[in-house]
Amino acid sequence: MQTFKVVVLGASGTGKTSLTVRFVNGDFIETYDPTIEDLYRKVIETNRGEHVMLEIMDTSGTERYLAMRDLYIRNAQAFVLVYSITSRVSLLELENIKNYICQVKDRPISQIPMVVLGNKCDLEDTRVVFPEEVEALTKKWGIEDFLETSAKIDMNIQSAYDCLTLQLISKQSFLNGSSNGKDKKEKKEKKTHKKSGSNSSSNTSSSSLSVSGGSNLSISSSCSSNSFSTLSSSLSNSTSSASVNNLNQSQTNSPIRTKSKRSLKSAKVDKNSKGKCLIM
Ligand SMILES: Nc1nc2c(ncn2[C@@H]2O[C@H](COP(=O)(O)OP(=O)(O)OP(=O)(O)O)[C@@H](O)[C@H]2O)c(=O)[nH]1
């Protein structure tokens, strides 16, 4: 079965976790528990009867864990960008995120599967962002799909992932191929290493994450063909110490929480609740 890696990004409190949990488990989380990182899995079925696995990385919206973002983006094939219709700032933040993704991927946005979600659309009374303006904005940015969603009332979440899966399939040649000379050069180098029997780490499928203490959290990675699962286990092994190392500088007494209790959830293929996506 084909697996696609998806990352959910956006400002803190916009509902990234709630949307992901609703999509994967069908539940709604009322309480707010800031995320560090969490990995979910869900199998969905296309209308051709093919099953694809989505590995969804739910990320932190807080600045403290920005260093991890680079790693997630590098390894992902598709992106869910979330803002809240009750926060203009959260919409503005998406422009930076979108630019950053293009920079890290070194590809034009047209080659990157991406959806923009305006979450909390059940909160009409406190709405400050209107769909017309976001539609114009996302068009200007070159993003095909924009939907308003609600994790609370389960609105448009399945549709959002259907759109993303369609993009993933239609842009697959970009995901597998390379659009720049740098990738080609790296592949060539890897081939040369293989031929000469080199045991270099770039040949392995492992991800290594090294975290150093000090005033800055520094993360270096080698993830040539790793999966989020490897990444997640690296992170769950090192996140606590990473976070504690980082926190030790300023917030020694603050407890650090991860939501790893929900990590690596696999949704069973439920014949009745599978996502359908239309492939032309
Ligand atoms: N009314 C309403 N509340 C929502 C919705 N989605 C999420 N919330 C609430 O918003 C709060 C934050 O939700 P989270 O899903 O934790 O937000 P997040 O983006 O993952 O936050 P970080 O982990 O800090 O990045 C929680 O109290 C949720 O119950 C929604 O669609 N409607």
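Start at 1 with the first residue, then count along the sequence. Both backbone and side-chain heavy atoms feed into the values below; hydrogens, waters and symmetry mates do not. The shown structure was predicted, so the numbers you read here are calculated from the model rather than taken from an experiment. Atoms within a ligand are numbered from 1 in the order they appear, just like the ligands themselves.
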Tell me the nearest of [options] to [atom], using heavy-atom distances.
{"atom": "atom 11 (C) of ligand 1", "options": "Lys120, Glu148, Lys152", "result": "Lys120"}
{"atom": "atom 17 (O) of ligand 1", "options": "Ser90, Gly15, Gly10", "result": "Gly15"}
{"atom": "atom 14 (P) of ligand 1", "options": "Ser18, Gly13, Ala11", "result": "Ser18"}

Non-hydrogen atom of Thr62 closer than 4.0 Å to ligand 1: no

Using a heavy-atom cut-off of under 4.0 Å, does the side chain or the backbone of [X] touch ligand 1, or both, or neither?
{"X": "Thr17", "result": "both"}
{"X": "Thr14", "result": "both"}
{"X": "Asn119", "result": "side chain"}

Which of the ligand 1 atoms, numbered from 1, are nearer than 4.0 Å to a heavy atom of [X]:
{"X": "Gly61", "result": "25 (O)"}
{"X": "Ser150", "result": "31 (O)"}
{"X": "Asp122", "result": "1 (N), 2 (C), 30 (C), 31 (O), 32 (N)"}
{"X": "Leu123", "result": "1 (N)"}
{"X": "Ile29", "result": "28 (C), 29 (O)"}
{"X": "Lys16", "result": "15 (O), 17 (O), 18 (P), 19 (O), 20 (O), 21 (O), 22 (P), 25 (O)"}

Side-chain donor/acceptor of Gln111 to backbone N/O of Pro108, under 3.5 Å: no

Quick test of your reading of the model: are [X] and [Y] salt-bridged, counting only N-O distances below 4.0 Å?
{"X": "Lys5", "Y": "Glu55", "result": "no"}
{"X": "Lys171", "Y": "Glu144", "result": "yes"}
{"X": "Lys140", "Y": "Glu135", "result": "no"}

Connected via hydrophobic side-chain network under 4.5 Å: Met68 and Tyr100: yes

Test log, rule side chain to side chain donor-acceptor pair (under 3.5 Å), inputs Ser60 and Tyr72: CA-CA 11 Å; Ser60 170; Tyr72 300 138; over 6 Å; no

Partner residues of Glu95 under the salt bridge (Lys or Arg N to Asp or Glu O under 4.0 Å) criterion, sequence neighbours left out: none

Residues forming a ring pair (Phe, Tyr, Trp, His ring centres under 6.0 Å) with Phe23, sequence neighbours excluded: Tyr161

Pair Thr149-Asn156, side chain to side chain donor-acceptor pair (under 3.5 Å): steps then yes or no: CA-CA 5 Å; Thr149 55; Asn156 272 344; over 6 Å; no

